[in-house]
Amino acid sequence: MDLDIRFTDSESWDASMPERLRWLRENDPVHWSGHDDIWVVTKYADVSAISKNQKLFSSAEGVRPDKRIKIGLIDEGEPRHGNLRRLINRGFTPRMVAKLEEIFLRITTEAIDAVAERGECDFVDDIAVPLPLLLIAEMIGIRREDHDRFHQWSDRMIAADGNADDPVVTAAAGQAFFEYSTYVTEIIEDRRKNPRDDLVSILTGAKDEGMLVQFDKEMMPGMETGEEYESLANDELIMMLVILLVAGNETTRNGISGGMQLLIENPAERQKLIDDPGLIPSAVEEMVRMVSPVNSFSRTVTRDTELRGKRLREGQRVLMIYPSANRDADVFDEPDTFRVERNPQHLGFGIGTHFCLGANLARMEMRVAFRELLRRLPDMEYAAGGPVLKPSALVRTCLHMQVRFTPERRAA
Ligand code: HEM
């Protein structure tokens, strides 16, 4: 088996990766990758145990191996992480998700309407990209005319991952971050003056209750002037809005495009969902298991320890490979088979204190999207060569997917 690669480089994640991961699960599940200086962990039980043990395997030094910059929340230690998470969770209550479901159904209906009579489309550009993107744009309050810019900011910020050596990509990401920050600062200022029933108003409201100011004091002991608190709190809000964009967009996009691939490639399973849409929630879990939109996150070992007989040293990094854990034959019977009834307990959203904050939102999006797609365009199939994938160490990336289907007749 060719293990002479860097697992943290995006180009390594080509079509040869699944076979390599299978080999590692069976032969060297806690593998030292000398090229990356990182432990590569491929089995379900280990990914689960590491994720649940923040004391020993910390997120606080970053969860992406190639850069140790702080993104916030996802790489925050306790107790700050728990505090921030409780705060941002206010935007994800069942009431908020129900309200977002209405908005999301409208977004989905409009996207399908735009292609339904044509009988063909690029599933990525026309469906998978706009759905999560427009929902997050609505959540944050991005104006319609700025949705294209919003899309570009998101793509550029994500492209920097796994490409830390590429100065052009890194500079573009920095520029995108700057433009997005400037834009959302305006929105934050506006919601402070004119609060609405939306996420940013909830977050600014929490700040005004003094929650964020308090966190800043913890972070910056000794700083006492109100002015500085104000701007720091702004930064904190901006970071949260960056995380939402980066964490919630490409992941869900690729969950949707990967899920559609599974349906096209497994017509008998798709037929079960058409016959019984009640199976869609279970099918969505199976899609997240098999697609595993997030390929990897990392942790830092906080003291010397042992895992499956390997000695892990304090300060070393550990790379958890989600698509591998989710195809572990010790946990899943016939792991490479797509079964819509399986309703698996997968690790696609992680586990433990950093469990995906947007999991319920992503589930809602995928359920609504596939319910509508299967109802309106049930015979979708590949056209012109099928999916075009781009290797990525972070998020499975489908760039294009030409499809065709029986055109929908316009209702009289
Ligand atoms: C199918 C779609 C998605 C997948 C597969 C996914 C996957 C993940 C995973 C694996 C983690 C765990 C990180 C870790 O343990 O280090 C995570 C965390 C997170 N996700 Fe998601 N995610 C998805 C959608 C979303 C959405 C829609 C949002 C928000 C709008 C979101 C926001 C977050 C945030 C904020 C965290 C950090 C939570 C924390 O550290 O407490 N995700 N996600």
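Numbering of ligands and ligand atoms starts at 1, following listing order. Quick note: numbers below take in every heavy atom, side chains included, and nothing from hydrogens, waters or symmetry partners.
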Peer 1: For atom 6 (C) of ligand 1, what is the nearest protein heavy atom, given as residue, atom name and distance?
Peer 2: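 Answer for atom 6 (C) of ligand 1: F349 CD2, 3.7 Å.
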Peer 1: Is the closest heavy-atom distance from G255 to ligand 1 below 4.0 Å?
Peer 2: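 So G255 does not count as touching ligand 1.
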Peer 1: With a 3.5 Å distance limit and no angle check, can you tell me whether S282 reaches the backbone of V340 through a side-chain donor-acceptor pair?
Peer 2: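 Side chain of S282 to backbone of V340: a pair is present.
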Peer 1: Under 4.0 angstrom from ligand 1, any heavy atom of P293?
Peer 2: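 Judged by the 4.0 Å heavy-atom criterion, P293 does count as contacting ligand 1.
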Peer 1: For the residue pair F349 and F355, categorise the inter-ring angle as parallel (less than 30°), tilted (30 to 60°) or perpendicular (more than 60°).
Peer 2: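 Rings of F349 and F355: perpendicular, over 60°.
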Peer 1: Tell me which one of G348, S59, S298, S296 gets a heavy atom nearest to atom 10 (C) of ligand 1.
Peer 2: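 Minimum heavy-atom distance to atom 10 (C) of ligand 1 goes to G348.
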Peer 1: Salt bridge between D46 and K310, side-chain N to carboxylate O under 4.0 Å?
Peer 2: no
Peer 1: Below a 4.0 angstrom heavy-atom separation, can you tell me which part of T252, side chain or backbone, both or neither, approaches ligand 1?
Peer 2: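 Contact part for T252 vs ligand 1: both backbone and side chain.
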Peer 1: Closest non-hydrogen protein atom to atom 32 (C) of ligand 1, residue and atom name please, with distance?
Peer 2: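 Looking only at protein heavy atoms, the one closest to atom 32 (C) of ligand 1 is A247 CB, 3.5 Å.
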Peer 1: Assess R363 for proximity to ligand 1: is some non-hydrogen atom of it under 4.0 Å away?
Peer 2: no
Peer 1: Are the side chains of R363 and E285 in contact, using a 4.5 Å heavy-atom criterion?
Peer 2: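 Yes, side chains in contact.
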Peer 1: At what distance is the nearest protein heavy atom to atom 36 (C) of ligand 1, and which residue and atom is it?
Peer 2: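 The answer is L357 N, 4.0 Å.
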Peer 1: What protein heavy atom sits nearest atom 38 (C) of ligand 1, and how far off is it?
Peer 2: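 Of the protein heavy atoms, R85 NH1, 3.4 Å lies nearest.
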Peer 1: Does R289 make a cation-pi contact with F332, if we ask for NZ or CZ under 6.0 Å from the ring centre and within 45° of the axis?
Peer 2: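 Pair R289/F332 counts as cation-pi.
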Peer 1: Please name the residue in the list R375, R376, R118 that meets the salt bridge (Lys or Arg N to Asp or Glu O under 4.0 Å) test with E408.
Peer 2: R376
Peer 1: What are the atoms of ligand 1, with element, lying closer than 4.0 Å to any heavy atom of Y322?
Peer 2: 10 (C), 14 (C), 15 (O)
Peer 1: Can you tell me if K272 has over 12 outside heavy atoms packed within less than 6.0 Å of its NZ?
Peer 2: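 Yes, because the 6.0 Å sphere around NZ of K272 holds more than 12 heavy atoms from other groups.
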Peer 1: What is the nearest protein non-hydrogen atom to atom 21 (Fe) of ligand 1, stated with its residue, atom name and distance?
Peer 2: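 Of every protein heavy atom, C356 SG, 2.3 Å lies nearest to atom 21 (Fe) of ligand 1.
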Peer 1: Does any N or O in the side chain of S296 come within less than 3.5 Å of the main-chain N or O of L394, such that one atom is a donor and the other an acceptor?
Peer 2: no
Peer 1: In terms of residue, atom name and distance, what is the protein heavy atom nearest to atom 26 (C) of ligand 1?
Peer 2: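 Checked against all protein heavy atoms, atom 26 (C) of ligand 1 sits closest to G248 CA, 3.3 Å.
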Peer 1: Which bit of F297 is near ligand 1, meaning a heavy atom under 4.0 Å away: side chain, backbone, both or neither?
Peer 2: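 Within the 4.0 Å criterion, F297 contacts ligand 1 through side-chain atoms alone.
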Peer 1: So between E365, R253, H354, R299, whose heavy atom ends up nearest atom 16 (O) of ligand 1?
Peer 2: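 Going through E365, R253, H354, R299 one by one, R299 has the nearest heavy atom to atom 16 (O) of ligand 1.
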Peer 1: In the protein, what heavy atom is nearest to atom 24 (C) of ligand 1, and what distance, to one decimal place, separates them?
Peer 2: T251 OG1, 3.4 Å
Peer 1: Near I243, which atoms of ligand 1 are under 4.0 Å from a heavy atom of that residue?
Peer 2: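 This gives 35 (C) as the contact atoms.
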Peer 1: Which atoms of ligand 1 sit under 4.0 Å from any heavy atom of L361?
Peer 2: 30 (C)
Peer 1: Is it the side chain, the backbone, both or neither of L73 that has a heavy atom closer than 4.0 Å to ligand 1?
Peer 2: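 Contact part for L73 vs ligand 1: both backbone and side chain.
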Peer 1: Counting only heavy atoms closer than 4.0 Å, does ligand 1 sit against the backbone of E76, its side chain, both, or neither?
Peer 2: neither
Peer 1: Would you mind running through ligand 1 and noting each atom that sits below 4.0 Å from a heavy atom of V294?
Peer 2: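 This gives 7 (C) as the contact atoms.
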Peer 1: For Q345, look at atom CD and say whether over 12 heavy atoms of other residues, nucleotides or ligands are found less than 6.0 Å away.
Peer 2: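 Counting neighbours around CD of Q345, 12 or fewer heavy atoms of other residues, nucleotides or ligands fall under 6.0 Å, so no.
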Peer 1: Pick out which of L263, I264, L262 makes a side-chain contact (heavy atoms from CB on, under 4.5 Å) with N266.
Peer 2: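 Answer to the side-chain contact (heavy atoms from CB on, under 4.5 Å) test with N266 among L263, I264, L262: L262.
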Peer 1: Are R156 and E179 within salt-bridge range, i.e. N to O under 4.0 Å?
Peer 2: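 So R156 does not pair with E179 through a salt bridge.
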Peer 1: Should the ring pair Y180 and F150 be called parallel, tilted or perpendicular, given that the plane angle runs from 0 to 90° and is split at 30 and 60?
Peer 2: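 Plane angle between 30° and 60°, so tilted.
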